[in-house]
Amino acid sequence: MADFETPHRYDAHRAGDIETHWQAKWIADDAFRAPNPGDPGFDATRPKYYILDMFPYPSGAGLHVGHPEGYTATDILTRYKLMRGFNVLHPMGWDAFGLPAEQYAVQTGVHPAITTRTAIDAFRRQLQRLGFRYDWSREFGTIDPDYYRWTQSIWLRAYRSYYDASTGRARPIAELESKIEKEDRVISFTVDVGDGKSQQSEQKWSACTPLQQQSHLDTHRLAYLGVQTVNWCPALGTVLANEEIIDGRSERGGHPVFRMPLRQWMFRITAYAQRLLDDLDLVEWPESTRAMQAAWIGRSEGAEVRFAVEEFGDLTVFTTRPDTLFGATYMVVAPEHPLIAWTLARGERKDLSQYVEWSRNRSDIDRQAESREKTGVSLGISARNPATGELIPVWTADYVLMAYGTGAIMAVPAHDERDFAFAKRFELPIRCVVAAIDASAWTGERATSEPGIACNSKNDRISIDGLSTSDATAKIIEWLHSCGRGLRRVNFRLRDWLFSRQRYWGEPFPIVFDERGMHFPVAESALPVQLPSLADYAPVQSDHPVPPLGKAKEWVHTTAGEAGVDPSMLAPSTPVRREINTMPGWAGSCWYYLRYCDPKNSSRFVGKDAERYWMGDRGVDLYIGGAEHAVLHLLYARFWHKMLFDLGEVGTPEPFAKLFHQGMITSFAFERADGSLIPTDGVREEAGTWREIGTNELVTRVIAKMSKSLKNVVTPDEVVEEYGADTLRLYEMYMGPLADSKPWNTRDIAGVFRFLQRVWRLAVDERTGAVLFAREANPDIERQLHRTIHKVAQDIERLAMNTAIAALIELVNVATRPTQMKDPSDGGLTVDQMRRFLCALAPFAPHIAEELWHRIGESSSVASASWPVVDEKQLVDDMLELPVQIQGKVRARVAVPSGADAAEIEKIVLADRKVQELLEGRTPKKVIVVPKRMINLLV
RNA sequence: AGGCCCGUGGCGGAAUUGGCAGACGCAGCGGACUUAAAAUCCGCAGAGUUAACCCUCAUCCGGGUUCAAGUCCCGGCGGGCCUACCA
């Protein structure tokens, strides 16, 4: 409350008035619009800067104070870069399709089309109240048909493309098709044989049915229909990508997930595995994120080795340790491996079929719960070890995964922990074939997987005994190759990306099926395929996937002409059914940063000129968002971008040049002696300690995530109400380093609020409202002003907003007039100094800066001012006080001219009376001088 | 279990490249103003010792490299994140 004596004080009410006034004015003046090349007002002489916040997912709960942290940082940088003469693109929009919105809708009974719009409006309102300088004319949501029309279009491009391994890039599949047709190649394809089972077959292209031809092409398309073992989550009523599963449960909701084979739309992201790995070198990303992506891609080098099985043929394994081949005493195949079906077909094997059935129905959680006790069953057949010539037994066990490598392994129990545990459990032979480097004897108590020296590894034709692991590996691969039993191979952990979801709230696929089961794309001109409005959109909880779109019967069953299939592919009257799966939540966020460059374009997903200009040579200049997207979103978006790059649609190989993760904003909670947590309102403070209300027991303050149950959630709205948006922005940035996780402490907010009050008082008389200036510039303040502006600029560039603000506070503290000062023009800043100071403050606290800027007589916006020029001469002192160390301890300080070189400094210091006293007549044996830093005397 | 990151006053943090540890803010203490309080302004403020200066100790613990270590290296302890049968 403004005191009656100081009616012109900067308080929460005044802050609110100032902020809403300027926010309305900025919007009315269209001040945030960033023109594109060719637009009026576009200045081609300026360099571009594209700064992007991670796509927010507007939830019904609205913003909490964690959201604006990254947004405030990008806003500061945006405003700063504009003042530095850049054309800045800083857009905002909404990622609004997907599971959370749909689940919220199911819970509340309100259609997701309505709940998402409401949530978006609330988010936008809250963001605008903080004064963020987004170009709102570029705003869109992934649920806008004008947007998802292009999401579908890009998907179609992937559908129409294949990865050409010879050139290492994506190309139109029509090229592949005409080549196969011309050469009339023998092609392989899958035929359904009923019962959901299928078979591989092959013959010449010309002899194939169109369905068989399509089945073959599907094995090349980048977006393809394939049968995969999927992660089925009955509770969510949908399948999930591997990336969406944590500890065997769904990332959202923590429901159990089961594996089952299903025909689904996939993305051939594995084709890009090597490039996705290699190009991590092109980007300026946090090391931890690059490491996580590399680990997810999971490249391993090794060999493929073929073991002969009587009558069946070759059983192929992948191994990273082919040098241990002589130690392979048994083999294991995954329960889903074709060898199992083959074995079962040859005769009744109840134990085997029971094991396979049991392991298939076991969720991943069960597997983990049972602490990895190895289970398995022998197939009762043998394979020949190509190195030893021995027949070794073949087992099946669920510790071998069908989805990795070939789904089969050679087991080397002496040198692999898992194989060792299995061999012990089932009493299988263990043979040491790698001796330790230190020549210590193998104890047989545990597997040794470290590299060493090969031993017990020779036959009539080859010996690798005595070779190091790497030499032995090279030699055995060469030998395997020469006798046709194996070859060098690189394997990736990355698997193809499952892109279908059995949910309602997502982009429909632009695809239809005819009665033969062939799929046909919807023509570009017929896009978007609109999501039909469904009253009952709830997922169907069941043991088998039932997509809710199936309920839109009239929409599903249509004709090729109605659906928009090119008449040259299918006659318009042909009855077809639409694809009823939808795309996953990730789809829309894979390319939104491109759409921002040219959001209204109705003929392309992004205009070429706009894309070339804003994306430049390296893509988005700075991308800020949470580390939780380190793998999923960032990997998917890179993959889409690379496809578009190959197809000539975008100009950069990578989408995001520089990435930065802001830390999490946590909160305080209180912990009892037994470790249980107490909500914030159940505790009172008493002389620096905290006691639980009621029991009066001492509790300790701990850092915890903000959560409803702990009653420690803080929303931007309440902070804005109490202090204003500028204070909130300042506090969020002042808390600590942007990258760190830091606790919200409501008590500390007062500090930055008081700072803004001092800024205000520096320029405005609180009693009269008159503007105040110093009559003349104080040279010390002038010097510090230059230094402050210099430091603020440097700190913003490295996103160290906290120290930039500290520098601004220091300056204001120095310039503040003492209460006793009778004539305000005896202190403070001159109008010219005030102008420059406000420029430096404006990126952080744009509203108060704008208000004062106008009060001191400026008419245009402070945001369009140029960043103040710093006089280099003001940054250096004439004299420096150097610490003088004797034996490495600071004992004195000596003033030296700042330009003095080492010899001069030594002379001055040794001549100093205090130094001579401390030396007591001793002569230094050694003198270390670091100009501008310190001097160290050793006696 | 493995990989990565982190550990600085009562609290949030600063120290950008190995060079004066603790900037700035919160909380605290003292003073000025006031009849008084709030607000404001001016100071103090790592710990020990001291009237004060000095001095000693101090960046989780223990070693090491260096003229010099919060910063680099090795080994512990504590916390966080990621991965988790990937052959």
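Since this is a predicted model, take the numbers as computed values, not measurements. Quick note on labels: first sequence line is chain A, next is B, and so on, each numbered from 1. The basis for the numbers below is simple: all heavy atoms, side chains too, and nothing from hydrogens, waters or symmetry mates.
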With both distances under 3.5 Å as the test, what is the Watson-Crick or G-U wobble partner of B:A38?
-> none
Report the base-pairing partner of B:G78 (Watson-Crick or G-U wobble, both distances below 3.5 angstrom), or none.
-> B:C6
Nearest of B:C41, B:A84, B:A14 to any side-chain atom of A:Arg761?
-> B:C41
Is the A:His629 ring parallel, tilted or perpendicular to the A:His633 ring (thresholds 30°, 60°)?
-> perpendicular
B:U17 to B:G2 separation - P atoms, rounded to the nearest Å = 32 Å
Counting side-chain heavy atoms from CB outward, which of B:C85, B:C20, B:C41 is closest to A:Thr816?
-> B:C41
Rounded interatomic separation in angstrom, taking CE from A:Met821 and C1' from B:A32 = 15 Å
Who pairs with A:Asp795 by side chain to side chain donor-acceptor pair (under 3.5 Å), at least two apart in sequence or on another chain?
-> A:Lys791, A:Arg798, A:Thr803
With sequence neighbours left out, write down each residue that passes ring pair (Phe, Tyr, Trp, His ring centres under 6.0 Å) with A:Phe422, or none if nothing qualifies.
-> A:Tyr330, A:Trp395, A:Tyr399, A:Phe426
What is the distance, rounded to the nearest whole Å, between atom NE2 of A:His629 and atom C1' of B:C82?
-> 16 Å
Nucleotide paired to B:A1 in any strand shown, Watson-Crick or G-U, under 3.5 Å = B:U83
Comparing A:Gln757 and A:Met292 on RNA chain B - which has the more 5′ nearest nucleotide | A:Gln757
In whole Å, what separates the P atom of B:A21 from that of B:U71?
-> 14 Å
Within less than 4.0 Å of OP1 or OP2 of B:C55, is there a side-chain N or O belonging to A:Arg891?
-> yes
Can you tell me the pairing partner of B:C72 across any strand shown, Watson-Crick or G-U wobble, with both distances under 3.5 angstrom?
-> B:G64
Rounded to whole Å, CD of A:Glu906 lies from C1' of B:C67 at a distance of 13 Å
Round to the nearest Å and state the distance from A:Arg489 atom CZ to B:A87 atom C1'.
-> 12 Å
From CG of A:Asn936 across to P of B:G18 the rounded distance in Å is 18 Å
Indicate, with a heavy-atom threshold strictly under 4.0 Å, whether A:Met735 touches base, sugar-phosphate, or nothing.
-> sugar-phosphate
Residues forming a salt bridge (Lys or Arg N to Asp or Glu O under 4.0 Å) with A:Arg489, sequence neighbours excluded = A:Glu304
If you check every side-chain atom of A:Arg798, which of B:C67, B:A15, B:A21 has the closest atom?
-> B:A15
With under 30° as parallel and over 60° as perpendicular, where do the rings of A:Phe753 and A:Tyr10 fit, or are they tilted in between?
-> tilted
Closest listed nucleotide, where the reference is the side chain of A:Leu401 and the choices are B:A87, B:U83, B:G19 | B:A87
A:Leu632 has an atom CG; how far is it from atom C1' of B:U83, in whole Å?
-> 13 Å
Taking atom OG1 of A:Thr72 and atom CG of A:Leu728, what is their separation to the nearest 0.5 Å?
-> 6.5 Å
Just how far is it from atom CD of A:Glu301 to atom CG of A:Asn491, taken to the nearest 0.5 Å?
-> 11.0 Å
Residues passing the side-chain contact (heavy atoms from CB on, under 4.5 Å) test with A:Glu766, sequence neighbours excluded, are A:Thr6, A:Arg9, A:Arg761
Glycosidic torsion of B:G43 (syn if within 90° of 0, anti otherwise) classifies it as anti
Both distances under 3.5 Å, Watson-Crick or G-U wobble: report the partner of B:C24, or none.
-> B:G12
Which residues within residues 924-933 of chain A lie with some heavy atom under 4.0 Å of an atom in RNA chain B?
-> A:Ile928, A:Val930, A:Arg933
Summarise how protein sits on nucleotides 22-31 of chain B as a single string, 5' to 3': B when a protein heavy atom is under 4.0 Å from the base, S for sugar-phosphate-only contact, - for no contact.
-> -BBSSS----
Verdict with supporting geometry, A:Lys742 and A:Glu69, salt bridge (charged side-chain N to carboxylate O under 4.0 Å, His left out) = CA-CA 11 Å; A:Lys742 357 166 225 285; A:Glu69 190 193 8; 2.6 Å; yes
Side-chain polar contacts of residues 314-322 of chain A - donor-acceptor pairs under 3.5 angstrom, sequence neighbours left out - could you list them?
unit_1   : atom_1 : unit_2   : atom_2 : d
A:Asp314 : OD1    : A:Arg485 : NH2    : 3.0
A:Thr319 : OG1    : A:Arg321 : N      : 2.9
A:Arg321 : NE     : A:Asp323 : OD1    : 2.9
A:Arg321 : NH1    : A:Ser449 : O      : 2.9
A:Arg321 : NH2    : A:Asp323 : OD2    : 3.1

Nearest whole angstrom, please: distance from the C1' of B:C4 to the CZ of A:Arg290.
-> 14 Å
Enumerate the protein-to-nucleotides 69-75 of chain B contacts in which both atoms are nitrogen or oxygen and the separation is below 3.5 Å.
none

Taking only distance into account, with no hydrogens and no angle test, what donor-acceptor pairs under 3.5 Å do side-chain atoms of residues 925-939 of chain A form with protein atoms, sequence neighbours excluded?
unit_1   : atom_1 : unit_2   : atom_2 : d
A:Lys932 : NZ     : A:Ser898 : O      : 3.2
A:Asn936 : OD1    : A:Gly888 : N      : 3.1

Using salt bridge (Lys or Arg N to Asp or Glu O under 4.0 Å) as the criterion, list what pairs up with A:Lys658, not counting sequence neighbours.
-> A:Glu284
Which part of the nucleic acid, if any, lies within contact of A:Lys791, taking any heavy atom under 4.0 Å across all strands shown: a base, the sugar-phosphate backbone alone, or nothing?
-> base
On a whole-Å scale, what distance lies between the C1' atoms belonging to B:G7 and B:C61?
-> 12 Å
A:Thr816: partners by side chain to side chain donor-acceptor pair (under 3.5 Å), with sequence neighbours left out = none
P-based separation of B:C73 from B:G19 [nearest Å] = 15 Å
Proximity to the side chain of A:Val400 - top-ranked nucleotide from B:C41, B:A39, B:A87 = B:A87
Pick the nucleotide of RNA chain B nearest each of A:Gly298 and A:Gln794; which residue has the one closer to the 5' end?
-> A:Gln794
Distance, C1' atom - from B:G12 to B:A23, rounded to whole angstrom | 14 Å
In whole Å, what separates the P atom of B:U83 from that of B:A39?
-> 49 Å
Contacts of type ring pair (Phe, Tyr, Trp, His ring centres under 6.0 Å), residue A:Phe492, not counting sequence neighbours | none
Given the P atoms of B:C85 and B:G18, what is the spacing between them in whole Å?
-> 40 Å
Heavy atoms from other residues, nucleotides or ligands near CD of A:Glu417 exceed 12 (cutoff 6.0 Å) = no
In whole angstroms, how far is the P atom of B:C85 from the CZ atom of A:Arg446?
-> 20 Å
Rounded P spacing from B:C60 to B:C55 in Å = 25 Å
Now, which nucleotide makes the Watson-Crick or G-U wobble pair with B:U59, with each of the two distances under 3.5 Å?
-> none
